[in-house]
*Asks:* 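Can you read through this structure? Questions will come right after.
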Amino acid sequence: MSKVVVFEHPLIQHKLSIMRDKNTGCKEFRELLDEISMLMVYEVTRDLPTEEVEVETPICKTTTKALAGKPIGIIPILRAGLGMVDGIMSLIPNAKVGHIGLYRDPETLNPVEYYCKLPEDAEHRELIVLDPMLATGGSASAAITFIKQRGCNNIRLVNLIAAPEGIERVRSEHPDVDIYVAALDEKLNEHGYIVPGLGDAGDRLFGTK
Ligand code: PRP
Ligand code: URA
């Protein structure tokens with residue numbers, strides 16, 4: 001079974017509390033998502049393999065560590081996942097970025113794919129799928145299915161806030177995918193919104209409502 005990691009770090013929790021506040025405006029919301037994403041990627045990448053490399057410091061030659069293994073690919077789920085890209089890229093600047101466009105049909109809550117462009121060598125990369133909200137799990141699970149259909153298998157999912165229902169769904173449909181969240185909230189409401197959540201992440205990020 002995949003692992004689910006919930007970040008308890010005080011800085012992350014503090015910033016997330018400000019994001020949840022309905023009075024927090026677009027600019028601050030974007031900045032905070034950026035900062036939290038940066039803090040999360042530190043832990044999300046903790047198990048990446050390293051190899052010994054030789055370096056000559058101004059003092060002497062020494063053997064130290066450098067990243068080894070598969071290169072990284074980042075795949076934001078459009079739209080709201082875009083808000084997590086810069087924070088991650090600031091720590092992994094060489095990552096390639098793929099995009100998956102999905103929206104939730106407001107009636108059925110089912111995900112509809114409208115765009116997919118992955119790096120050419122995506123199947124040889126360690127992929128980090130990004131979406132601030134994991135509600136029913138329909139969007140994330142469908143995105144992961146689409147990515148797998150393109151031959152990729154090394155996938156981890158990073159969300160800001162998850163509902164138990166979303167975690168359950170992704171874990172049952174993709175037991176190989178580890179999930180990293182800043183908060184695991186209580187439940188979904190009758191409209192499929194996370195409670196207490198932060199509302200519509202895409203709208204708050206881009207000011208569309
Ligand atoms: C939001 C969010 C997730 C999805 C989560 O996107 O960013 O992608 O809903 O819900 P789910 O787990 O029930 O699928 P939305 O469909 O509102 O699209 P947007 O990012 O374009 O606003
Ligand atoms: N999508 C969001 O943006 N927020 C939710 O609470 C659920 C889905």
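One-based numbering, in listed order, for ligands and for the atoms of each. All residue numbers refer to positions in the sequence shown, counting from 1.
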*Asks:* Quick one about Arg171 and Ser2 (side-chain donor to acceptor, distance below 3.5 Å, no hydrogens or angles considered), yes or no?
*Replies:*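 Side-chain D/A pair, Ser2 to Arg171: present.
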*Asks:* Going by the rule side chain to side chain contact (heavy atoms under 4.5 Å, CB included), which residues pair with Asp185 if we only count those two or more places apart in sequence or in a different chain?
*Replies:*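 So Asp185 forms a side chain to side chain contact (heavy atoms under 4.5 Å, CB included) with Arg20, Ile161, Ala183, Ile194, Pro196.
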*Asks:* Nearest to atom 13 (O) of ligand 1, what protein heavy atom do you find, and at what distance?
*Replies:* Thr136 OG1, 2.5 Å
*Asks:* Run Glu165 and Arg169 through salt bridge (Lys or Arg N to Asp or Glu O under 4.0 Å) and show every step you take.
*Replies:* CA-CA 6 Å; Glu165 294 88 335; Arg169 174 142 181 199; over 6 Å; no
*Asks:* What heavy-atom pair brings Glu113 and Cys116 nearest, and what distance separates the two atoms?
*Replies:*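 Scanning both residues, the minimum pair turns out to be OE2-CB, 3.5 Å.
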*Asks:* Check whether the side chains of Thr63 and Glu54 place a donor and an acceptor atom closer than 3.5 Å, and report yes or no.
*Replies:* no
*Asks:* Just let me know how Ala135 lines up against ligand 1, side chain, backbone, both or neither, with a heavy-atom cut-off below 4.0 Å.
*Replies:*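 Both of them.
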*Asks:* Return the closest protein heavy atom for atom 17 (O) of ligand 1 as residue, atom name and distance.
*Replies:* Asp200 OD2, 4.0 Å
*Asks:* Report yes if Tyr114 has an N/O atom closer than 3.5 Å to an N/O atom of ligand 1; otherwise report no.
*Replies:* no
*Asks:* Taking NZ, NE, NH1 and NH2 as the nitrogens, is one of them in Arg156 or Glu126 under 4.0 Å from a carboxylate oxygen of the other?
*Replies:* yes
*Asks:* One thing to verify: whether Asp34 and Arg30 come together as a salt bridge, which I'm taking to mean a side-chain N less than 4.0 angstrom from a carboxylate O.
*Replies:*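 Answer for the salt bridge query: no.
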*Asks:* Check ligand 1 against Tyr103 and write out every atom of the ligand that is under 4.0 Å from a heavy-atom position of the residue.
*Replies:*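 Those qualifying, in numeric order: 16 (O).
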*Asks:* Could you check whether atom 20 (O) of ligand 1 has a protein contact, counting only heavy atoms that fall below 4.0 angstrom?
*Replies:* yes
*Asks:* Could you report the tightest heavy-atom contact between Leu102 and Phe146, atom names first, then the distance?
*Replies:*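 Minimum heavy-atom contact is CD2-CE1, 3.6 Å.
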*Asks:* Within a radius of less than 6.0 Å around CD of Glu120, do more than 12 heavy atoms belonging to other residues, nucleotides or ligands occur?
*Replies:*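 Result for CD/Glu120: open.
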*Asks:* Shortest non-hydrogen contact from Val181 to Leu184?
*Replies:* CG2-N, 4.4 Å
*Asks:* Just to be sure I read this right, does ligand 1 sit under 4.0 Å from the backbone of Asp131, its side chain, both, or neither, counting only heavy atoms?
*Replies:*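 Near ligand 1, Asp131 shows its side chain, while the N, CA, C and O stay back.
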*Asks:* So, Arg79 and Thr208: side-chain donor and acceptor under 3.5 Å apart, yes or no?
*Replies:*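 A donor-acceptor contact under 3.5 Å links the two side chains.
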*Asks:* Are Asp176 and Lys148 within salt-bridge range, i.e. N to O under 4.0 Å?
*Replies:* yes
*Asks:* Determine, considering heavy atoms only, which of Ser139, Gly137, Gly166, Ala163 sits nearest to atom 12 (O) of ligand 1.
*Replies:*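 Checking each option, the heavy atom nearest atom 12 (O) of ligand 1 is found in Gly137.
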*Asks:* Specify the protein heavy atom at minimum distance from atom 5 (C) of ligand 1: its residue, its atom name, and the distance to 0.1 Å.
*Replies:*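 Looking at atom 5 (C) of ligand 1, the protein heavy atom closest to it is Met133 O, 3.5 Å.
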*Asks:* Where is the nearest protein heavy atom to atom 10 (O) of ligand 1: which residue, which atom, and how far?
*Replies:* Arg104 CD, 3.2 Å
*Asks:* Could you name the protein residues that come within less than 4.0 Å of ligand 2, counting only heavy atoms, and order them by chain and residue number?
*Replies:*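 Around ligand 2, where the cutoff is 4.0 Å for heavy atoms, the contacting residues are Arg104, Met133, Ala135, Gly192, Tyr193, Ile194, Gly199, Asp200, Ala201.
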*Asks:* Among protein heavy atoms, which sits nearest to atom 18 (O) of ligand 1, and what does the distance come to when rounded to 0.1 Å?
*Replies:* Leu102 O, 4.2 Å
*Asks:* Looking only at N/O atoms, are Ala80 and ligand 1 under 3.5 Å apart anywhere?
*Replies:* yes
*Asks:* Identify the heavy atoms of Ser37 and Gly87 that sit nearest to each other, and give their distance.
*Replies:* CB-CA, 4.3 Å
*Asks:* Protein heavy atom under 4.0 angstrom of atom 1 (C) of ligand 1, is there one?
*Replies:* no
*Asks:* Looking only at protein heavy atoms, which one is nearest to atom 22 (O) of ligand 1, and how far off is it?
*Replies:* Arg79 NH2, 2.9 Å
